[in-house]
Q: 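Starting off with a structure, shown below.
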Amino acid sequence: MATEERDGYSPSDIEEKWQRLWDERATNSYTLQEIQSAEDPFYNLVMFPYPSAEGLHVGNIYAYTGADVHGRFHRLQGKTVFAPMGFDAFGIHSENFALKVGTHPMDLIPSNVKNFTRQLRRLGGMYDWDHSVDTTDPAYYKWTQWIFVQLFKAGLAERKEAPVNWCPSCMTVLANEQASSGACERCGTAVEQRRIAQWFFKITKYAQRLLDNLDHIDWSKKTMKAQGNWIGRSEGAQLHFPVIDASGDEGGLSVEVYTTRPDTVFGATYMVLSPEHPLVDAVTDDEHRATVVAYREEATRTDLVARQRVDKTKTGVFTGGRCRNPATGEAIPIWIADYVLMEYGTGAIMAVPGHDGRDFAFATKFELPIVRVMAAPEHDADTPLHEAYVGPGTMVNSGEFDGTDVSESVAKVTDWAHGRGWGDATVNYRLHDWCISRQRYWGPPIPIIHCGACGAVAVPEEDLPVILPRVEDFKPDDSGVSPLARVEEWYQTQCPECSGPARRETDVSDTFLDSGWYFLRYPSTDFDDRPFDPEITRRWLPVDTYIGGNEHAVLHLLYSRFITMVLKDLGHLDFEEPYDVFRAHGLIIAEGAKMSKSKGNVVIPDPIIEQFGADTFRTYLMFLGPYEDGGDYQPQGIQGPFGFLHRLWDTATSAESGEPDPDVERKVHQTIKQVTEQIPALGYNTSIAALMECLNTIRADGRVAKRAEIEPLVPMIAPFAPHLAEEIWQRYGNDESIFDGANWPVCDEAKVVEHTVEVAIQVNGKLRGQIPVAKDTPEDAVVAAARSDENVARYLDGVEERRVIYVKERLVNFVVG
RNA sequence: GCCGGGGUGGCGGAACGGUAGACGCGGCGGCCUCAAAAGCCGCUGUCCGCAAGGACGUGCGGGUUCGAUUCCCGCCCCCGGUACCA
C-alpha cells in the first residue's frame with residue numbers, strides 16, 4: 001500500500017527515492033580516507049540495539065529518531081557527522097530466544113539484523129552502514145577478547161571463588177547490576193546464592209575516579225545521579241572490637257566493623273556478624289554451636305530476594321562470644337544475623353540500637369540493651385527511646401565527649417579512636433567488582449587457557465580470536481559450567497607457555513564487555529589488524545554526543561567508562577571518558593505504561609510508516625513532548641504533523657518568486673532563531689511547533705507564499721523530515737544532497753525586531769487592557785497612552801496612584817491604593 | 001526510607017519573575033460536495049453577562065514581590081531509580 005497522496009506529495013514515492021539515492025551516492029557513509037581527514041568531525045552516537053526477532057517497536061524508533069535529528073542538525077551546520085549503527089547480538093536475550101524457538105543463534109541473528117537494518121533504513125536514519133559492528137562477528141570479538149587479555153595482563157582480571165547471583169532459570173551467574181533487586185533482570189526469577197569460581201574485573205579500583213570524573217562530564221543529571229548512587233561512596237571509620245573470652249581476656253582476635261557513625265560507639269551494645277563471616281566459627285562457643293550452624297545453613301539457602309526484604313522480620317542467633325567495646329570497655333555479645341551483609345563493609349557491624357532503625361528492631365526483638373548516646377535539645381541523657389533517634393543533637397552517655405555536637409562528633413571520635421589504636425577513618429563503596437564470566441554459550445569465549453603447571457595463561461594475541469564453535473546443543477544446565485565444557489575437542493588445547501596439555505576457559509564473557517568498547521570500533525572498522533586506529537581515534541573520539549536510555553545508567557554506561565579508563569592507563573587511548581555529552585531520552589508511554597513487550601502495549605511502526613511515511617512518523621514522535629521526557633503515544637495525533645508536512649509541501653512547491661512580505665519575513669527570522677537554539681538542546685517539540693507557527697503565518701488568509709519566505713524552512717525541517725526536505729531542495733534546482741549543499745539559515749537580528757508591540761496594562765497586577773505601541777516609544781508616552789485607555793481609566797479613577805512599573809515594550813502596571 | 005523527575009484546559013503539551021494555556025489532538029459551527037472523505041475558514045479553560053466587561057483559575061497551605069506556573073518554606077499525590085549498604 002502506498003502512502004496517502006495529496007497535492008502531489010507522495011511520501012512513499014519520495015522516501016523510497018531518497019533512500020535509494022542516499023545509498024547510490026553514499027551520502028551517509030564515509031571512505032577510510034574521509035574518516036582520516038575529516039576537518040570538522042562530529043561523532044553522533046546512539047546506543048546500539050540488541051536485534052530481537054520482533055524488530056523495532058515505537059519506543060526504539062523514538063530513541064533512534066531523536067539521535068538522528070541531532071546528527072542531521074549538526075551535519076546541516078557543516079560538521080562531518082559520523083553516525084554509525086551496529087548490533088549488540090551476543091547475550092542471554094538472543095540465546096534464550098534461540099532456545100525458545102529451537103533455532104541456533106548463529107542462524108537467527110543474521111535474519112534479525114537484516115530486519116533491523118531494513119527498518120532503520122525505512123525510517124530514514126543517517127547511518128554509515130560501511131562502518132557497522134556486530135558483536136558476534138569474530139572480526140569484532142577478536143578485539144573484545146584482546147581487551148580481556150589486556151586487563152588480565154594488567155592484573156585487573158582475576159578468577160576467584162565468590163558468592164554470586166545464580167539465576168536458576170537462565171542457569172547462569174549474573175552481575176550484581178543484573179540482579180539488583182534480587183530478581184534476574186532477564187526472566188524475573190529469584191536469584192540464588194552460589195559459590196563458583198568466577199572472573200572479575202576490578203572496577204572497584206576505579207570507583208573514586210569513576211565518581212570524581214562525574215563532575216566534569218556533561219551528562220543528563222539523572223544519569224549522573226544514578227551512577228553516583230550506584231558507586232555509593234560513604235565516609236566513616238573502621239573500628240576494631242577485640243574478642244574476649246569468658247574471663248574477659250583478649251585472645252588476639254578482633255572483629256572489624258565499618259560504620260558511618262563512629263561517634264555512636266558508646267551506644268554499641270552488641271555486635272552482629274554476617275552468617276558468612278569468617279570469624280563466626282572462632283567466636284561461637286560449644287553451647288551455641290548447633291544453633292549457629294543451623295542458622296548459617298538456613299541463611300545460605302535462603303535466596304537473596306527473601307533475605308534482602310527490608311520489611312522482613314529480623315532474625316539472628318547469639319554465638320556465645322563476646323567483644324569488648326573499645327570505647328566503654330564493656331563486654332558486649334556477638335550475634336549473627338542475615339540483615340548484615342557479607343558483601344558490604346567488613347561483613348560485621350557494631351549495633352547501636354538507640355540510633356539505627358535496624359539495630360533497634362533487632363534489639364527490641366531479642367531484648368538487647370538500648371542506650372541513648374545522642375540527644376536533641378528536648379531530650380536529656382535518660383530520655384527513653386521508643387524508636388531509633390537519627391536526628392541532630394549532642395552526644396550523651398559518651399564519657400569525655402558528652403556535649404559534642406553531631407556536626408563535629410564523627411571527626412572527633414574517629415581521631416580519638418585512631419589515637420588509641422582501635423580505629424581508622426575509611427571510605428567505602430557499594431560498587432562491587434564486575435563479575436564478567438557467564439556459564440553460557442552465546443558470548444565470546446574468555447581467552448584464557450588453564451594449565452596444570454602454569455596456571456591461567458592468556459591466549460597469545462596472535463591466536464585471537466578464540467572462535468566460538470558452532471555447538472548444536474547449547475542449552476545451559478545446572479552444572480555451573482558453560483555448555484562449552486561439554487565440547488572436549490574444543491577445550492582441549494596446549495599451554496601457550498609450556499606446551500603441555502591444557503584446557504580452555506569454557507565460560508564466555510558478559511555482553512556488557514561487548515558493548516563496553518564498541519564506540520571505539522566504529523570509526524576503525526576498515527582495519528582488521530588493530531581494534532581502533534590511534535590516529536582515527538584521536539580525530540573522532542571521545543564521542544561528541546551519546547544518546548540512549550537511562551536504563552543503562554549503571555550498567556553499560558559505567559562499564560564503558562571503566563574500560564575506557566583502563567585502556568587509557570594501559571597507553572591505548574589518550575582520554576579516559578568515552579562520551580563528552582550523554583543525553584538520556586525519555587520513554588514512550590502507551591496506555592499509561594512504558595512501551596515494552598512485557599506490558600503488551602508495543603506498537604509496531606511499520607504499518608504507520610507505510611500509511612503516513614517515515615517523515616510524518618518521525619515528526620510526530622518528536623512533536624509528542626520534550627525528547628528528554630518522552631511522550632504519551634496517542635495514534636490519532638499523527639494527523640497534526642501529517643497535515644503540517646502536506647501544507648509545507650504544498651506551500652513550498654507552489655511558492656512564487658518576489659520580495660518577501662516584511663511581517664512574514666520577521667516571523668521567519670524569529671523561527672530561525674528559535675529553532676537554531678532549540679534543536680541542539682533537544683527541544684524538538686517546540687522547534688516543530690515554531691515551524692508550524694511559521695508556516696501558518698506564511699499561509700495566513702490563504703495567501704500564496706514567496707519562495708524566499710518558505711525556503712529557509714526547508715533545511716530547518718530536514719532533520720525531522722529528511723526525505724521531504726531533499727525532494728523540495730532538489731526541485732529548487734539543487735543537485736547535491738541538502739545535507740551537503742544547504743546552509744543552515746542565519747537569523748538576521750535586525751529582521752527579528754517587531755515594529756509594533758502589544759503592551760499589557762495592569763492595575764495592581766491585574767490585566768485591564770492592552771494597547772499597540774510603536775517600537776522605541778518613550779516610556780512616558782506609553783504610560784500616558786495606557787492611562788487613557790478607557791477600561792484602565794475606570795480603575796484609576798478616584799484612587800491614589802502610588803507607583804507605575806514599566807517593563808519596556810511589555811507592560812505597564814499601575815499600583816494604586 | 002533515600003535519590004531523581006513531575007503535577008497547567010477534555011487530551012499531549014507551551015510559557016527569560018511580566019498578557020497562563022503557544023503548537024497540536026479532540027470537540028462544536030460553517031464553506032465545498034448530490035453525499036461522504038479530504039481540504040479550507042471560525043470558535044473552543046470554568047463561571048456570570050446580550051454585550052462591554054467581570055470573577056475564578058497552573059496539586060494543597062503559607063511567604064517574598066507592584067506582579068509568582070516560575071523564587072522560598074511546609075505538605076499531598078504520581079512516575080522512574082535504588083534499598084537491611086551499617
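What you are looking at is a predicted structure, and each value in this text was computed from that prediction instead of being measured. Lettering of chains follows the sequences in order, A, B, ..., and the numbering in each one begins at 1.
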Q: Checking the side chain of A:T671 only, and the main-chain atoms of A:C694 only, is there a donor and an acceptor separated by less than 3.5 Å?
A: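 It does not hold such a pair.
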
Q: Using a 4.0 Å heavy-atom cut-off across all strands, classify A:Y795 as base, sugar-phosphate, or nothing.
A: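 Sugar-phosphate, no base atom in range.
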
Q: For A:R768, answer base if it contacts any base atom (sugar-phosphate contacts may also be present), sugar-phosphate if it contacts only those atoms, and nothing otherwise; contact means non-hydrogen atoms under 4.0 Å.
A: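 Result for A:R768 = sugar-phosphate.
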
Q: Using the benzene-type ring in the case of Trp, are the ring centres of A:Y270 and A:F362 under 6.0 Å apart?
A: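 Between A:Y270 and A:F362, the centre distance is under 6.0 Å.
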
Q: Please state how far atom NZ in A:K667 lies from atom C1' in B:C23, giving the value in whole angstrom units.
A: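 So the two atoms are 10 Å apart, to the nearest Å.
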
Q: When you look at A:F512 and A:W434, which way does the ring pair (Phe, Tyr, Trp, His ring centres under 6.0 Å) test go after all the steps?
A: CA-CA 10 Å; A:F512 282 109; A:W434 175 11; 7.5 Å; no

Q: When the distance from CG of A:L648 to C1' of B:G24 is rounded to whole Å, what number comes out?
A: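 Roughly 16 Å, once rounded to whole Å.
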
Q: What are the two closest heavy atoms between A:H240 and A:P326, and how far apart are they?
A: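 That closest heavy-atom pairing would be O-CG, 3.6 Å.
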
Q: With a 4.0 Å cut-off on heavy atoms, is A:Q636 in touch with a base, just the backbone sugar-phosphate, or nothing at all?
A: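 Contact class for A:Q636: sugar-phosphate only.
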
Q: What nucleotide among B:A86, B:G18, B:C84 has an atom nearest to a side-chain atom of A:Y339?
A: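 Looking only at heavy atoms from C-beta outward on A:Y339, the closest nucleotide is B:C84.
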
Q: Does B:G67 have a Watson-Crick or wobble mate here (both distances under 3.5 Å), and if so which one?
A: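 Because no pair has both required distances under 3.5 Å, B:G67 counts as unpaired.
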
Q: A:R430 side chain: which of B:G53, B:C84, B:A83 is closest?
A: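 Selected nucleotide: B:A83.
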
Q: Mapping A:V759 and A:V815 to their closest nucleotides on RNA chain B, which lands nearer the 5' end?
A: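 The 5'-side residue here is A:V759.
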
Q: Would you mind pulling out the nucleotide paired to B:G1, Watson-Crick or G-U wobble, both distances under 3.5 Å?
A: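 Partner of B:G1: B:U82.
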
Q: B:A55, B:C84, B:C23: which one has an atom nearest the side-chain heavy atoms of A:R358?
A: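 In terms of side-chain proximity for A:R358, the closest of B:A55, B:C84, B:C23 is B:C84.
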
Q: Between A:T777 and A:A774, is there a donor-acceptor pair closer than 3.5 Å when you use the side chain of the first and the backbone of the second?
A: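 Answer holds: yes.
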
Q: What is the per-nucleotide protein-contact pattern of nucleotides 2-17 of chain B, from the 5' end, where B denotes a base atom under 4.0 Å from a protein heavy atom, S denotes such proximity for sugar-phosphate atoms only, and - denotes neither?
A: -SSS-----SBSS---

Q: From CG of A:N428 over to P of B:C85, roughly how many Å is that when rounded to an integer?
A: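 Taking atom P of B:C85 as the reference, CG of A:N428 is at 13 Å.
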
Q: One character per nucleotide, please: for nucleotides 42-49 of chain B, 5' to 3', B when the base has a protein heavy atom closer than 4.0 Å, S when only the sugar-phosphate does, - otherwise.
A: --------

Q: Do the side-chain N or O atoms of A:Y258 get closer than 4.0 angstrom to the phosphate oxygens (OP1, OP2) of B:A86?
A: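 It does not, given that no N or O in the side chain of A:Y258 lies less than 4.0 Å from OP1 or OP2 of B:A86.
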
Q: Would B:G9 be called syn or anti here, given the cut-off of 90° from 0?
A: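 Syn.
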
Q: Does B:U58 have a Watson-Crick or wobble partner in any strand here, with both distances under 3.5 angstrom, and which is it?
A: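 Checking every strand shown, B:U58 finds no partner, since no pair has both distances under 3.5 Å.
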
Q: Nearest to the side chain of A:R699 - B:U19, B:A22, B:C40?
A: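 Nucleotide nearest to A:R699's side chain: B:C40.
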
Q: Quote, to the nearest angstrom, the P distance that separates B:G61 from B:G49.
A: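 My reading of the P atoms in B:G61 and B:G49 gives 27 Å.
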
Q: Is there a side-chain contact between A:R803 and the phosphate of B:C66, meaning an N or O under 4.0 Å from OP1 or OP2?
A: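 For B:C66, OP1/OP2 do have a side-chain N/O of A:R803 under 4.0 Å.
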
Q: Within 45° of the six-membered ring axis of A:Y339 and under 6.0 Å from that ring's centre, is NZ or CZ of A:R358 located there?
A: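 No, A:R358 does not lie over the aromatic ring of A:Y339.
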
Q: Taking the same atom, P, in B:U58 and in B:G21, what whole-Å distance lies between them?
A: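 Roughly 14 Å separates the two P atoms.
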
Q: For B:A22, what is the paired nucleotide under Watson-Crick or G-U wobble rules, both distances under 3.5 Å?
A: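 Paired with no nucleotide.
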
Q: Can you tell me, in whole Å, how much space there is between the P of B:C77 and that of B:C84?
A: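 Those two atoms are separated by 24 Å.
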
Q: Among B:C85, B:G24, B:A86, which nucleotide has an atom closest to any side-chain atom of A:M692?
A: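 For A:M692, the side-chain atoms sit closest to B:G24.
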
Q: Could you measure between the two C1' atoms, the one in B:A22 and the one in B:C16, and give it in whole Å?
A: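 Nearest-Å result for B:A22 against B:C16 at atom C1': 16 Å.
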
Q: Please state how far atom CH2 in A:W230 lies from atom C1' in B:C85, giving the value in whole angstrom units.
A: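 In whole Å, B:C85 C1' and A:W230 CH2 are 11 Å from each other.
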
Q: With a cut-off of less than 4.0 Å, is there a side-chain N or O of A:R647 near OP1 or OP2 of B:C40?
A: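 Answer yes for this pair, as a side-chain N or O of A:R647 is under 4.0 Å from OP1 or OP2.
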
Q: Looking only at atom P, what distance separates B:C43 and B:G24, rounded to whole Å?
A: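 Looking at atom P only, B:C43 and B:G24 are 13 Å apart.
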
Q: Run the side-chain contact (heavy atoms from CB on, under 4.5 Å) test against A:R802 and tell me which residues pass, sequence neighbours left out.
A: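 side-chain contact (heavy atoms from CB on, under 4.5 Å) list for A:R802, sorted by chain: A:E800.
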
Q: If only atom types and distance count, is the side chain of A:T264 paired as donor or acceptor with the main-chain N or O of A:V352 below 3.5 Å?
A: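 Flag not set: sc A:T264 to bb A:V352 has no pair under 3.5 Å.
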
Q: With A:Y620, which residues qualify under ring-ring contact (aromatic ring centres under 6.0 Å, His included), at least two apart?
A: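 So A:Y620 forms a ring-ring contact (aromatic ring centres under 6.0 Å, His included) with A:Y633.
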
Q: If the condition is ring-ring contact (aromatic ring centres under 6.0 Å, His included), which residues does A:Y258 pass it with, not counting sequence neighbours?
A: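 Expected list: none.
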
Q: Rounding to the closest angstrom, what is the interatomic distance between B:C23 and B:C40 at atom P?
A: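 These two P atoms come out 15 Å apart once rounded.
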
Q: By nearest nucleotide on RNA chain B, pick out whichever of A:V757 and A:K766 is the more 5' one.
A: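 It is A:V757 whose nearest nucleotide is closer to the 5' end.
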
Q: With rounding to whole Å, what would you report as the distance between B:G59 and B:U44 at their C1' atoms?
A: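 Straight-line distance between the two C1' atoms is 25 Å.
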
Q: Rounded to the nearest angstrom, tell me the gap between atom CG in A:L341 and atom C1' in B:A86.
A: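 Going from CG in A:L341 over to C1' in B:A86 covers 9 Å.
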
Q: What is the base-pairing partner of B:A15, counting Watson-Crick and G-U wobble geometry with both distances under 3.5 Å?
A: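 Across any shown strand, B:A15 pairs with none.
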
Q: Round to a whole Å and report the spacing from OH of A:Y633 to C1' of B:C25.
A: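 Atom-to-atom, A:Y633 to B:C25, this comes out as 13 Å.
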
Q: Do A:D650 and A:R647 meet the salt-bridge criterion of a basic N to acidic O distance under 4.0 Å?
A: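 Looking at A:R647 and A:D650, the cut-off is not met.
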
Q: Report which part of the nucleic acid A:N696 touches: base, sugar-phosphate, or nothing (heavy-atom distance under 4.0 Å, all strands).
A: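 Touches sugar-phosphate only.
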
Q: Rounded to the nearest angstrom, tell me the gap between atom CD in A:Q639 and atom C1' in B:C25.
A: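 The distance from CD of A:Q639 to C1' of B:C25 comes to 10 Å, rounded to the nearest Å.
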
Q: Using a heavy-atom cut-off of 4.0 Å across all strands, would you classify A:Q770 as base, sugar-phosphate, or nothing?
A: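 Base contact.
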
Q: Kindly state each residue pair satisfying salt bridge (Lys or Arg N to Asp or Glu O under 4.0 Å) with at least one member in residues 631-642 of chain A, sequence neighbours excluded.
A: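 As it turns out, there is no salt bridge (Lys or Arg N to Asp or Glu O under 4.0 Å) pair with a partner in residues 631-642 of chain A once direct neighbours are skipped.
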
Q: Taking atom P in both B:A35 and B:G30, compute the distance separating them and give it to the nearest angstrom.
A: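 About 13 Å, rounded to a whole number of Å.
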
Q: Looking across every strand, which nucleic acid part, if any, lies under 4.0 Å from A:E551 by heavy atom: base, sugar-phosphate, or nothing?
A: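 Since no nucleic acid heavy atom lies under 4.0 Å of A:E551, the category is nothing.
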
Q: Is A:R561 close enough and on-axis enough to A:W230, meaning under 6.0 Å and within 45°, for cation-pi?
A: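 No, cation not above the ring by the 6.0 Å, 45° rule.
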
Q: Using Watson-Crick or G-U wobble geometry with both distances below 3.5 Å, tell me the partner of B:C34, or none.
A: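 The answer is none; no pair meets the criterion.
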
Q: Rounding to a whole Å, what distance do you find between A:I638:CD1 and B:G26:P?
A: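 These atoms are roughly 12 Å apart.
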
